[in-house]
Colleague: 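A single structure is presented below for examination.
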Amino acid sequence: LSGARELQPLGLSDYLGGRTLLLLEWPERAGASLPPPDLALTLTTDPDPAIAGRRAQLQARSQAGETWLAGTTQAMPKQI
């Protein structure tokens, strides 16, 4: 997203509030046009080229996020 104006043509409102996991890159660019997130995804890489490790961390930001994580934690590895 480069701004809130890009949300309307995407039709994202059809997916919000349901059981759909919707991941948006740069959601802060939408301003107040989006509801608060249920999950936060943080992607990091190790600066040491010998390790070349990548990590994905999910953090619940709401009860819905907690529920989603509880249902998927056993199916996903702790580190990716």
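Throughout, residue positions are numbered sequentially from 1 according to the sequence presented. When reading the values below, keep in mind they use all heavy atoms of this one structure, side chains included, and skip hydrogens, waters and symmetry mates.
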Colleague: Please list, chain by chain and in numerical order, all residues satisfying side-chain contact (heavy atoms from CB on, under 4.5 Å) with Gln63, sequence neighbours excluded.
Modeller: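 Partners of Gln63 by the side-chain contact (heavy atoms from CB on, under 4.5 Å) criterion, ordered by chain and then number, come out as Glu66, Thr67.
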
Colleague: Which atom pair, heavy atoms only, marks the closest approach of Leu39 to Arg61?
Modeller: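 Smallest interatomic distance, heavy atoms only, reads C-CG, 4.2 Å.
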
Colleague: Can you name the nearest heavy-atom pair linking Gly65 to Ala60, along with the distance?
Modeller: C-CB, 3.7 Å

Colleague: Sequence neighbours left out, what passes side-chain contact (heavy atoms from CB on, under 4.5 Å) with Ser62? Give chain and number order.
Modeller: Asp38, Ala64

Colleague: Working to the nearest 0.5 angstrom, can you tell me the gap between Arg29 CZ and Leu34 CG?
Modeller: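 It is 13.0 Å, given to the nearest 0.5 Å.
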
